[in-house]
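Predicted model, so just to flag it, every value in this text is computed and none were measured. Scope of the values below: all heavy atoms of this structure, side chains included, with no hydrogens, waters or symmetry mates.
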Amino acid sequence: MADDRLNESTSEQPPPDGLERVESGIPRLDYILKGGFLKGGTYNLIGPPGSGKTILGNQFCFNHLARTDGSCVYISLLVESHAKMLRHLASLKFFDRDKIPDRLYYVSGYSSLREGGPDALLDLIRATLRDRRATLLVVDGMESIRQFADGEQKIKEFVHELQAFTGLIGCTSLLMCFKDPSYSFTENAVVDGVVELSDQLIGPRAVRELVVHKFRGGDYLRGRHEVEITESGIVIHPRTEIQFDKPPGRATELRVRMPFGVAELDKMTFGGLPSGSTTALLGAPGTGKTLLGLSFLVEGAKQGHHGTYFGFYEPPPRLMEKANQVGIELEKYVKEGLIDVVWQPPLEHMLDSLAEQLLEKIREHEQPRRRLFFDGVEGFRAASVYPDRLPRFLSAFCNQLRASDVTAVMTEELPLFRPEIDMPNPELANVVETVVLLRYVELRSQLYRLLSIMKMRESRYDTSIREFKITDQGLEVADSFESAEAILTGYGRLSGSPSVKEDQR
């Protein structure tokens with residue numbers, strides 16, 4: 001996975017609150033916390049089994065050792081044995097056995113807890129932190145303390161005394177606890193922050209998420225954020241609409257026209273799409289949406305504009321073959337590096353992960369006048385766990401493209417056998433500047449394609465309906481509305497004379 005650009009931006013400059021931070025190094029967690037955990041702070045990490053708590057705690061430790069010259073102490077309370085845990089962790093990229101035990105010290109605190117209660121455990125922690133000169137402490141299995149504590153007040157006192165000691169020596173603490181509905185978690189009032197990991201079924205999908213409920217002394221991104229467990233460990237994807245909730249007030253580049261490379265269509269748009277705008281291509285399957293989008297990318301490549309294709313349904317070899325059959329030189333410009341083809345097999349995706357992947361791919365080419373063809377907005381809809389997010393997501397995503405001077409064309413699939421035209425995502429019409437409709441019309445047992453521009457914000461455009469053809473030599477739009485008028489009014493056409501009408505039989 002690409003390095004986290006958002007985390008890089010927080011590490012290059014001190015956080016705006018001026019407080020010293022301890023970065024977790026976990027992709028985008030530091031971005032959510034707007035710089036990382038506060039040095040010397042104490043934080044609760046809660047969640048059910050399988051949500052990733054142990055991986056996150058260990059990943060924090062190994063990342064801390066890689067970024068600083070500090071040391072870590074990892075104390076377990078009646079959870080899996082250290083040997084078994086380390087065997088599981090060894091398959092993850094962040095794991096470094098050479099750091100154990102000199103800089104990362106694992107110790108079991110359960111015997112002390114069982115024999116002397118929370119006070120004995122506290123003594124063990126203090127002594128170990130002094131001996132190891134620890135800068136990061138992880139306590140795994142805080143729920144075990146409840147079995148030996150005399151009421152919730154004792155737990156609060158334990159956390160308070162631990163917090164006072166670690167704050168004095170500048171050691172950041174992460175206390176990990178199993179989430180049980182019967183627990184009151186009164187210690188949450190004492191700690192500096194509360195982070196929750198969840199793992200739940202939403203319909204047939206298993207979804208992991210992270211929520212920051214509290215973060216004393218600093219701002220943070222609120223709400224639920226997607227979580228993945230990969231070979232790199234925990235990876236977090238902040239919600240796109242909150243990452244980019246403050247778009248710039250105006251474009252930074254002088255706007256120009258971005259043609260499709262289809263002569264009559266470019267005339268209809270008076271030179272092409274305005275740069276930095278977003279266009280929706282609507283149409284049923286087979287109406288030519290993908291080919292028109294590819295033509296847009298290839299025309300840009302001819303002008304030196306870098307383009308990106310992002311789609312779900314057609315693998316690159318088939319896509320290039322399809323373009324070649326109609327004279328669109330996609331393969332040539334892919335080989336020259338002017339067009340990137342990114343294909344996502346239609347599996348279960350995560351909405352914000354898709355957006356991040358796409359934006360990171362676009363950022364690889366920091367140049368003006370970039371083009372994007374996103375083939376299948378329905379891919380975003382299928383990846384969304386919460387459908388009501390989609391309008392806000394699309395708005396934020398498109399605003400980010402505009403801010404990056406990316407001219408985007410997106411396809412939206414319409415039903416094949418319905419005469420009425422209803423957008424599956426009505427909110428998309430409000431987000432995009434331009435809407436182009438491609439449709440079939442049947443006349444005398446033959447199908448014809450028609451093209452029309454339904455909307456083009458802040459620009460002149462031709463409102464006439466035109467016939468649209470896909471030929472071996474490329475894409476063609478009729479130079480007048482007469483052939484479309486003949487089709488729509490039910491008149492046949494004489495071969496070679498699209499403007500000549502014959503009486504309807």
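- Side-chain atoms of Thr68 come within 3.5 Å of backbone N or O of His64 as a donor-acceptor pair.
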Q) Does the pair Lys156 and Glu152 meet the rule for a salt bridge (Lys or Arg N to Asp or Glu O under 4.0 Å), with working shown? A) CA-CA 6 Å; Lys156 290 176 64 176; Glu152 292 292 328; over 6 Å; no
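- Two rings, from Tyr105 and Tyr74, have their centers 6.0 Å or more apart.
- For Asp150, the CG atom sits in a loose shell: 12 or fewer heavy atoms of surrounding residues, nucleotides or ligands are nearer than 6.0 Å.
- Side chain of Asp140 to main chain of Met176: no donor-acceptor pair is present (N/O by atom type, distance under 3.5 Å, no hydrogens or angles).
- Side chain of Asn324 to backbone of Met320: no donor-acceptor contact under 3.5 angstrom is found.
- Closest of all the heavy-atom pairs between Thr240 and Arg389 is N-NH2, 3.9 Å.
- With salt bridges taken as basic N to acidic carboxylate O contacts below 4.0 Å, none links Asp405 and Arg371.
- Under a 3.5 Å cut-off, the side chain of Arg369 and the backbone N or O of Thr407 do not form any donor-acceptor pair.
- Taking the centre of each ring, Phe373 and Phe296 stay at or above the 6.0 Å mark.
- Judged purely by atom type and a 3.5 angstrom limit, His365 has no side-chain atom pairing as donor or acceptor with the backbone of Lys361.
- Between the NZ atom in Lys99 and the SG atom in Cys72 there is a gap of 10.5 Å [rounded to 0.5 Å].
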Q. Where do His213 and Asn188 land on the side-chain hydrogen bond (donor to acceptor under 3.5 Å, both in side chains) test, with the steps shown first?
A. CA-CA 10 Å; His213 293 291; Asn188 285 352; over 6 Å; no
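- With hydrogens and angles disregarded, no donor-acceptor distance shorter than 3.5 Å links the side chain of Ser353 to the backbone of Met350.
- A donor-acceptor pair is defined here as one N or O able to donate and one able to accept, closer than 3.5 Å; no such pair exists between the side chain of Trp343 and the backbone of Phe310.
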**Q.** Derivation of the side-chain hydrogen bond (donor to acceptor under 3.5 Å, both in side chains) call for Tyr106 and Asn58
**A.** CA-CA 10 Å; Tyr106 290 91; Asn58 280 278; 2.5 Å; yes
Only distances under 3.5 Å count here; give the side-chain donor-acceptor pairs of residues 162-175 to other protein atoms, sequence neighbours excluded, each with its distance to 0.1 Å.
unit_1 : atom_1 : unit_2 : atom_2 : d
Gln163 : NE2    : Val190 : O      : 3.3
Gln163 : NE2    : Asp192 : OD1    : 3.4
Gln163 : NE2    : Asp192 : OD2    : 2.9
Thr166 : OG1    : Leu162 : O      : 3.0
Thr166 : OG1    : Gln163 : O      : 3.3
Thr172 : OG1    : Gly40  : N      : 3.2

**Q.** side-chain hydrogen bond (donor to acceptor under 3.5 Å, both in side chains) assessment of Gln344 paired with Gln357
**A.** CA-CA 10 Å; Gln344 288 291 330; Gln357 181 183 356; 2.8 Å; yes
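- For Lys289 and Glu412, the salt-bridge test fails: no basic side-chain N is under 4.0 Å from an acidic carboxylate O.
- Between Arg126 and Glu161 a salt bridge is recorded (basic side-chain N to carboxylate O distance below 4.0 Å).
- Between Phe215 and Tyr220, the ring planes are perpendicular. Angles over 60° get that label, and only those under 30° would be called parallel.
- Separating the CD atom in Gln59 from the OG1 atom in Thr54 is a distance of 12.0 Å, to the nearest 0.5 Å.
- Shortest non-hydrogen contact noted between Gly233 and Ile55 is CA-CG2, 4.2 Å.
- Between Phe397 and Phe380, a ring centre-to-centre spacing shorter than 6.0 Å is recorded.
- In this structure, CG on Asp352 lies 13.5 Å from CZ on Arg224, to the nearest 0.5 angstrom.
- Just one of Glu228, Glu209, Arg28 meets the side-chain hydrogen bond (donor to acceptor under 3.5 Å, both in side chains) condition when paired with His237; it is Glu228.
- Of all heavy-atom pairs spanning His82 and Ser108, the tightest one is CE1-N, 3.6 Å.
- Environment of CZ in Arg318: sparse, with no more than 12 heavy atoms of neighbouring residues, nucleotides or ligands closer than 6.0 Å.
- Counting only heavy atoms from C-beta outward, the side chains of Met410 and Thr278 approach each other to under 4.5 Å.
- When every heavy atom of Phe148 is checked against every heavy atom of Pro118, the shortest pair comes out as O-CD, 3.6 Å.
- With values rounded to the nearest 0.5 angstrom, Ser91 atom OG is found 7.5 Å from Leu89 atom CG.
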**Q.** Worked check of side-chain hydrogen bond (donor to acceptor under 3.5 Å, both in side chains) between Thr411 and Asp375
**A.** CA-CA 5 Å; Thr411 66; Asp375 197 7; 2.9 Å; yes
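- Annotation for Arg222: atom CZ does not count as buried by contact number, only 12 or fewer foreign heavy atoms lying within 6.0 Å.
- In this structure, Asp69 places its CG atom where only 12 or fewer heavy-atom neighbours from other residues, nucleotides or ligands lie under 6.0 Å away.
- A salt bridge does not link Glu226 to Arg208: none of the charged nitrogens lies less than 4.0 Å from a carboxylate oxygen.
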Q: Go through the steps to decide whether Arg370 and Glu364 satisfy the test salt bridge (Lys or Arg N to Asp or Glu O under 4.0 Å), and finish with yes or no.
A: CA-CA 11 Å; Arg370 288 166 292 182; Glu364 291 178 3; over 6 Å; no
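- Checked options Lys179, Lys214, Lys53; the residue passing with Glu196 is Lys179 (criterion: side-chain hydrogen bond (donor to acceptor under 3.5 Å, both in side chains)).
- Residue Glu231 qualifies as open at atom CD: its count of foreign heavy atoms under 6.0 Å is 12 or below.
- A distance of 7.5 Å separates CZ of Phe37 from CG of Asp30, quoted to the nearest 0.5 Å.
- Judged by distance alone, the side chain of Ser71 and the main-chain N or O of Arg132 form a donor-acceptor pair under 3.5 Å.
- Rounding to the nearest 0.5 angstrom, the gap separating the OG atom in Ser404 from the CD1 atom in Ile362 is 7.0 Å.
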